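Just so we're clear, the structure is a prediction, and the values are computed from it rather than from any experiment. Just so you know, these numbers use all the heavy atoms, side chains as well, and skip hydrogens, waters and symmetry mates.
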Amino acid sequence: MSPSRRLNPQAVQLTTGGLILLLVAIAIVWFIPGKPSGETTPLPPTLTPAEVTPTPDSLPSWLTVYFTNPNPPDDINHGVDQYIVPLIENATRNMVVASFDLNLPSIVDALVRAKERGVEVRVLYDGENGVQQLEADRSPTGKVYNAVEILRTANIPLVNGGRSNGLMHNKFLIIDGQYLVMGSWNFSYNDTYRNNNNVLVITDLTLIANYQAKFNELFAKKDFGVQSQLGAQVPVMNIVGVNVANYFSPADQVMDKLVALVGGAQNSIYFMAFTYTHPDLVKAMVERHNAGVDVQGIFENRGATQGAMVPLYCANVPVKVDGNKYTMHHKVIVIDKSIVITGSFNFTGAADTANDDNLIVIQSPALAQLYLQEYERMKANAQPPNLSDEFLKSAQQDKWAEYCKIE
């Protein structure tokens, strides 16, 4: 297990309600230059007080990033949970958890201990589609580990956000209103010790408030998917000189923002995708590729040939299939080596219109460099796709005819 870089986080808060309203009005435009290829992406004006602004080679002080390293797999003593469990152990007031899969004993047991010492703990999970049970051969007790039963026995309030139409697909944890843990990482055994994931620990109070409000809606009102009305309270902000955007699906029409961001790329687009099927995002990437932008990506090996890999391959975009025998679970796009897009949001129509998901966009060259290092690590073990003409004709020609013109 190797964290990419650790800093001592400190909370940063926007100073005035007027500033927040201004930033909301500006919205995603800050991230979309909308200029011809070759021009530089202008930075927005610095609207925060005169504080220390991160240099391009330093991470923001309110942010820490980790990547799982499941090589070798099942290395239980060296997972990203070793950085998160201490935060839970130090909680004194309250915690909320939203996790699609939830069966990681180190996290679940820490939640139980927090409850026992008087911390208010609430948990949201997907009991219809997610996995909350750990088989005996991977359980620390040698018996089947059922996280829901363990949490319920500890009198921790639970809400099952699972349903037949869409997923409660969020993965985040808020501790004492001071730490937000989010990214592609479910609090599960596989996501910790077998799958490739990225984890952000954030201490900015505005972002934390966004996620807390979303949790409250899902947990208390039980308004999931299309019934959910609450997007990010503050969707766009500048945190000590760093541009950040935050969205929740389906309320925030996330795919439109994602397509616009990709469409504004001037130099490069690198992606790592667990599931990628959305035609609008494909079109945006192909257009940028045809305009001379360096577009390339890595797909999770399960079902890769059923999605966007086919049209991107047909359009001569360099794409590969990951080499992890388990799962490459990232949902990441890095634009122009300076903008990082990540979260629980897969690049699909379901993520946009049916699932409860979240996305964060951070304009930081230092953060982008760390994600590009992860990309290169994935790429080193990836393989070219194995797509035959017969497959392209029979399985994808109608859906992707614009890209796959086979005689």
Side-chain angles (χ1 to χ4, degrees), residues 1-7 56-60 63-84 171 181-186 188-201 265 267-276 285 294-304 307-309 312-313 317-347 360-362 364-386:
M1 175 63 240
S2 57
S4 58
R5 185 171 177 183
R6 298 195 68 198
L7 298 177
D57 60 350
S58 66
L59 280 179
L63 174 66
T64 311
V65 58
Y66 304 102
F67 299 98
T68 61
N69 185 4
N71 185 17
D74 303 308
D75 192 1
I76 295 175
N77 295 321
H78 297 89
V80 291
D81 54 331
Q82 68 181 302
Y83 305 110
I84 308 307
K171 311 101 167 44
V181 180
M182 57 79 63
S184 67
W185 179 54
N186 287 294
S188 70
Y189 181 98
N190 283 349
D191 260 11
T192 307
Y193 307 123
R194 292 183 171 182
N195 302 341
N196 300 107
N197 281 290
N198 63 98
V199 186
L200 299 180
V201 180
N267 300 300
S268 62
I269 302 167
Y270 290 12
F271 67 85
M272 296 178 283
F274 171 65
T275 307
Y276 177 4
M285 287 195 180
D294 177 16
V295 181
Q296 55 180 280
I298 302 170
F299 287 81
E300 154 59 26
N301 57 44
R302 290 181 297 162
M309 173 171 279
L312 292 175
Y313 172 84
V317 174
V319 289
K320 289 191 171 184
V321 178
D322 87 285
N324 186 342
K325 71 175 184 178
Y326 292 109
T327 299
M328 197 277 292
H329 197 238
H330 292 304
K331 306 94 168 52
V332 168
I333 302 176
V334 181
I335 297 174
D336 292 340
K337 298 183 179 180
S338 62
I339 297 173
V340 173
I341 301 168
T342 189
S344 71
F345 187 87
N346 286 306
F347 310 139
I360 193 168
V361 184
I362 303 174
S364 164
L367 182 64
Q369 183 59 37
L370 296 178
Y371 275 84
L372 290 172
Q373 290 174 9
E374 174 72 356
Y375 176 84
E376 292 299 330
R377 188 161 69 97
M378 297 295 97
K379 185 178 177 180
N381 295 316
Q383 301 294 325
N386 182 17

How many angstroms lie between [atom1] in [X] and [atom2] in [Y], if you round to the nearest 0.5 Å?
X	Y	atom1	atom2	answer
N71	N381	CG	CG	7.0 Å
I360	F345	CD1	CZ	14.5 Å
D74	T192	CG	OG1	11.0 Å
T64	L200	OG1	CG	9.0 Å
R302	T327	CZ	OG1	3.5 Å

Main-chain N/O of [Y] paired to [X] side chain as donor or acceptor, under 3.5 Å:
X	Y	result
S344	K171	no
N301	N324	yes
N197	T68	no
Q383	V321	no
Q369	A366	no
K331	H329	yes
T342	G183	no

Discussion item. Apply side chain to side chain contact (heavy atoms under 4.5 Å, CB included) to residues Y66 and V181 and explain how you reach the verdict.
Written reply: CA-CA 11 Å; Y66 304 102; V181 180; over 6 Å; no
Worksheet, complete the sentence: A382 and K320 have their tightest heavy-atom pair at CB-CB, 3.7 Å
Fill in: Least distance between heavy atoms, I335 atom then A265 atom
CG2-CB, 3.6 Å
Do [X] and [Y] have side chains that get closer than 4.5 Å, going by heavy atoms?
X	Y	value
I333	M285	yes
M328	I298	yes
N198	M272	no
Y193	D81	yes
L370	L59	yes
D294	Y270	yes
K337	N267	no

Item to complete: Report the relative orientation of the aromatic rings in F67 and H330; use parallel for angles under 30°, tilted for 30 to 60°, perpendicular for over 60°.
Response: perpendicular
Discussion item. Using the ring centroid of each side chain, check whether F274 and F347 are separated by less than 6.0 Å.
Written reply: no
Worksheet item: Can you name the one residue among E374, K379, M378, Q373 that meets side chain to side chain contact (heavy atoms under 4.5 Å, CB included) with E376?
Response: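 Going through E374, K379, M378, Q373 one by one, the side chain to side chain contact (heavy atoms under 4.5 Å, CB included) with E376 is satisfied by K379 alone.
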Discussion item. The test is side chain to side chain donor-acceptor pair (under 3.5 Å); show your working for N196 and Y326 and say whether it passes.
Written reply: CA-CA 9 Å; N196 300 107; Y326 292 109; over 6 Å; no
Worksheet entry | Member of Y371, Y375, Y276 meeting the ring pair (Phe, Tyr, Trp, His ring centres under 6.0 Å) criterion with F271 | Y276
